[in-house]
Amino acid sequence: MDYEPQKLEARWRDRWAEAGRYEADPDGEAEPTFITVPYPYPSGGMHIGHCRTYTVPDVYARYRRLQGDEVLFPIAWHVTGTPIIGAVERLKKGEEDQLSVLRDTYNVPEDTLEDLETPMGFARYFIENHYKSGMKQLGLSIDWRREFTTNDDRYSKFITWQYETLKERGLLEKGLHPVKFCTDEENPVTTHDLLEGEEAEFQEYTLVKFEADIDGERGARSASDGSSGDEPRDVIAPMATLRPETVRGVTNAYAHPDGEYVRATVDDETWIVSSAAVEKLRLQEREIEIDEELTGADLIGETVTNPITGDEVVILPATFVDTDNATGVVMSVPAHSPDDYLALQEAKADDERMREYGIDPADVADIEPIPILDIEGYGDVPAKTAVEDAGIESSDDPDLEDVTADLYQAEFHQGIMHDDYGEFAGMTVENVREEFRAHYQDEGAFDEMYEFTEDVVCRCGGDVEVAKQDTWFLRYNDAEWKRKAHQVLDGIDTIPENTRDQYDHTIDWLNEWPCIRNYGLGTRLPWDEDFVIEPLSDSTIYMSYYTVAHRLDEIPPEDLDPDFFDALFYGEDAVDDPDERALELREEWNHWYPVDWRCSGNDLINNHLTFFQFHHGELFDESEWPQGITIMGMGLLEGEAMSSSKGHVVLPSKAIDEYGADTVRFFLLNSAEPWQDYDWRDDLVGSTRDQLERFWSRAQAVIDYDIEEMVEITLEAEGEETTDVAIDEDARPDLEHVDRWLLSKLQGTIREATEAMDGFETRTASQAIFYSFEEHLKWYRRRADLDREGAQWTLREVLRTRLRLLAPFVPFMANELHEELTGEPAEDADWPEPAPEFEDETVERRERLVESVTDDIHDIVDVTGTDPDTVRVYVAADWKRDVFETVRETGTDVGAVMGQVMEDPELREKGDAVNDLVQDLVELVRERDDDELAAMADVDEQAVYADAEAFLESEFDATVEVYDESDPDAVDPDGKADSAVPFRPAIHLE
RNA sequence: GCGAGGGUAGCCAAGCCUGGAAACGGCGGCGGACUUAAGAUCCGCUCCCGUAGGGGUCCAGGGGUUCAAAUCCCCUCCCUCGCACCA
């Protein structure tokens, strides 16, 4: 029978669907195992990069089923938030990129595009036509009865319960939060909505509130009312800085001479800021009203008072000031900022210009840098040193940016604050900046303002700014909650183990998390319908929802009030009048929970997977806390990241049509461990397909062996409750040494595969079962006479076992072949157990000797380029064997062994020969453990080589003679025999 | 910068936790068998030297521990990912 995966896979899919094979219901007997994977987000189709995420848990699910567990593996669909809405909007606008993705990448038929113009229509299309069909094609053993979307009424009731509960427990808090805000659409926007600046980060500027006395009529002030400069300075010039601790080093300020500025009432104060800053401040929840338009020239030459030191400094003109960034007024710290240092030098050198703005050049000349911290290797005035060492003379120098970055870096980590910083003196910037800032913010000397690190532009073309918005936070910074999360983590198996640190770190690092958005699909915030709970926040405990999802469908959504879920999750005592239906469902929830394994992506460690731990810790009892998390690496396509927008993807349907689902699965599971990145390469997938096909045809040959009678015995034997035919000796023909060798290897393979599967090491497991074992078979086919009944029985037994081991990986092929072989699919059988009867270290040692003597002869043939007619093998003499025993007993100390050996007068006579031998044997013993040595000691070498004579003769097409080194009749023309060493016979070719 | 993970032969990649064989596999390459031929399949070889199973040099670079280091420790260089309100 030829290997036709498409046909045979279709057959099995139908069988599984008809029988409802993977629908899991509690039956009370078997051990329940509950495996989940993040529900897919159908904002586009599924591609091959998604496939492994779902295949790995499927393999584990199938493995546990063979182990006798009852396994629940469900799936649902995450549609919360804006991505789907965004995709629909782009489609409706007819954006070319979006149309191309839909038409060309995901093959959406032209007449179907219309159905995609509503968010749920869009989601439904991809759910049905891509995810669901793809998952079924892949043969995922999902219980399809339990699917739902996060936009369903009943799911929303569940989320409502969750958030009501968290609010009652004080874990939600209202506050202000910076968001990206499109000034055209007057709406918050997500990263998906951006044209430019996707990388932009929020930057929190400190505003140092210098006091001034400025209005539009320069100099008019003193003329009009005759007052002097001693008037109370009631205008604030907020200087924006990222290094608030440098405030004591300010020598002057800068404004742009041609910039547009305003004097405005900000909250209750009067501020001088750039015109561009007005709208920004307004978005950041400031009450702001413009009193007067000014120009930079109005500011320049004025003095301002440092709120910390009380020093008066002058505002100088500088064209490098960006009025579009922050407040448009900056303070100058020439001792620590290379830019400021150079600007000051340039100002000093340009008397003409200073006079133009009414500044006395002598005042400028008097300005000297004021150092505020010490840093090793940078002298008294670090900026000066940095600039001079780099040979920079002008602020246009391209190296200036690097020099500045280096100095800032060094000062941040190593800069020690001067004594006049009082309580902050003597510490590094790194350790004082936050505290220093908070201190003066409390005192009212500092304020704050957000800016982006780069320009951000919305897809609509509008300018995006930072806005502060009312929001609700999840209080992940709550110490008690963090403690619980750590406890949850302590009980979790993390795969791979080295991710544990990352979770721990994330738990500590998480701060308040804004959990709502202004728009999007999903559940409305129960007490404020204007907001919707965002996707990472509505997906923290939904695994519990799976346990009852299909049964909730029978209950009207309006009955699913918080009391219902309290009764479901906390039991009948939790509410006054528990709903009977909830209590019934509670049994199933109790049956499946906790989640045994959550199989997720490494990119979710920082958020989802840690949220998952926080919420389980808070909402459920310790007995319901998750047991394990595995994370998965990314998929590459031909060495590059996949991208649906670039069309650089392979669709599962296409791959499956071309190679078959088993090949796709096997490649995904075998090319790397789940947590490692893998690379989908067409040529490698093709060769995987070839390997499976080869396996198939070899299996067919074994199935075709004419040993009918034995099969009957087998079945009969099973009828009599013999657990395994393999140990029913009456049912099997005589076995030779090589057969036992292969069977021993088989047991080792079972052990290795089982251990690997328990740790989700799909690569190690499938390598052992498939590729490594093929190597053994290769040797076996060389070594064994396959016409013997014993060999055929062995190959059958090997196939039967391997098919069961392979069933989780390539379920279609393995079930088909197993059924052909035994009459029942592999999935109806058990995961194999190693049979102690066939595990035999001595048998393996013996075979190892044959392999190494074969290799050695090959080596000699190759090196000499000869084609021997006669091969002579000399086994080491008994006395050498005695020395080996002595080494075993005495240990690997050469001196001690020699002492022992030399007591024997016969050996003493042999002199150097003994010495060399001891050296060799000490080495040999040192490299092996006791069991191995014991097995070696049991081997009768002479018999091993004599047994292998026929094999060696056919291998080398020569006569093979085996002698004992000490045999006086041994033929030894070149005197090779005495170089024999135990386990390393001497060889002579002729 | 902070946190995590890496650097192994032409390429991909195992081994590292638990030190002990020039280092599993695969791809590619070379040679051979089968075949009318191609493909598939099978068997060798694929760091350097070698007409006797040997020798030499190797696992980013440099030190160290050890009888013994790809593996343990220290330092340096390089790469990837995350650093949030985005699913």
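Lettering of chains follows the sequences in order, A, B, ..., and the numbering in each one begins at 1.
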Would you tabulate the pairs of protein nitrogen or oxygen atoms and nucleotide nitrogen or oxygen atoms of nucleotides 3-7 of chain B closer than 3.5 angstrom?
{"from": "B:A4", "atom 1": "O2'", "to": "A:Gln502", "atom 2": "NE2", "distance (Å)": "2.8"}

Open item on the list: Is the distance between the ring centroids of A:Tyr519 and A:Phe531 under 6.0 Å?
Closed with: no
Open item on the list: Once side-chain contact (heavy atoms from CB on, under 4.5 Å) is applied, do any residues pair with A:Ser539, and if so which ones, sequence neighbours excluded?
Closed with: A:Tyr39, A:His78, A:Tyr542, A:His608
TODO: Using a 3.5 Å limit on both pairing distances, list the dot-bracket string of RNA chain B from the 5' end; Watson-Crick and G-U wobble pairs count, crossing pairs take [ ], interstrand pairs take |.
DONE: ((((((((.[[[..)....(....]]]((((((.......))))))(((....)))...[[[[[..)....]]]]])))))))....
- [ ] Report which part of the nucleic acid A:Gln676 touches: base, sugar-phosphate, or nothing (heavy-atom distance under 4.0 Å, all strands).
- [x] sugar-phosphate
- [ ] Provide the distance between the two P atoms, one in B:G5 and one in B:G15, to the nearest whole Å.
- [x] 16 Å
Task: A:Trp779 ring center within less than 6.0 Å of A:Phe951 ring center - done: yes
Task: Among B:C43, B:A14, B:A84, the nucleotide that comes nearest once only the side chain of A:Leu510 is considered - done: B:A84
Open item on the list: Can a side-chain donor-acceptor contact be found between A:Thr688 and A:Gln691 if the only test is distance below 3.5 angstrom?
Closed with: no
TODO: Select one nucleotide: of B:A84, B:A87, B:G53, the one nearest the side-chain heavy atoms of A:Ile860.
DONE: B:G53
Open item on the list: Suppose we screen for salt bridge (Lys or Arg N to Asp or Glu O under 4.0 Å). Which residues come up paired with A:Asp682, at least two apart in sequence or across chains?
Closed with: none
- [ ] May I ask you to say what A:Pro985 touches in the nucleic acid, namely base, sugar-phosphate or nothing, with a heavy-atom cut-off under 4.0 Å?
- [x] base
Open item on the list: With a cut-off of less than 4.0 Å, is there a side-chain N or O of A:Arg782 near OP1 or OP2 of B:G44?
Closed with: yes
Restricting both atoms to N or O, compile the protein contacts to nucleotides 54-58 of chain B shorter than 3.5 Å, with distance only.
{"from": "B:G54", "atom 1": "OP1", "to": "A:Arg984", "atom 2": "NH1", "distance (Å)": "3.3"}
{"from": "B:G54", "atom 1": "OP1", "to": "A:Arg984", "atom 2": "NH2", "distance (Å)": "3.1"}

Task: Rounded distance (Å) that lies between atom P of B:G44 and atom CZ of A:Arg781 - done: 11 Å
TODO: Tell me what A:His988 touches on the nucleic acid: a base, only sugar-phosphate, or nothing, going by heavy atoms under 4.0 Å.
DONE: base
TODO: Summarise protein proximity over nucleotides 18-33 of chain B in one line of letters, 5' to 3': B for base, S for sugar-phosphate only, - for none, counting protein heavy atoms closer than 4.0 Å.
DONE: --BB-----S------
TODO: Return yes if a side-chain donor-acceptor contact under 3.5 Å exists between A:Glu673 and A:Thr764, otherwise no.
DONE: yes
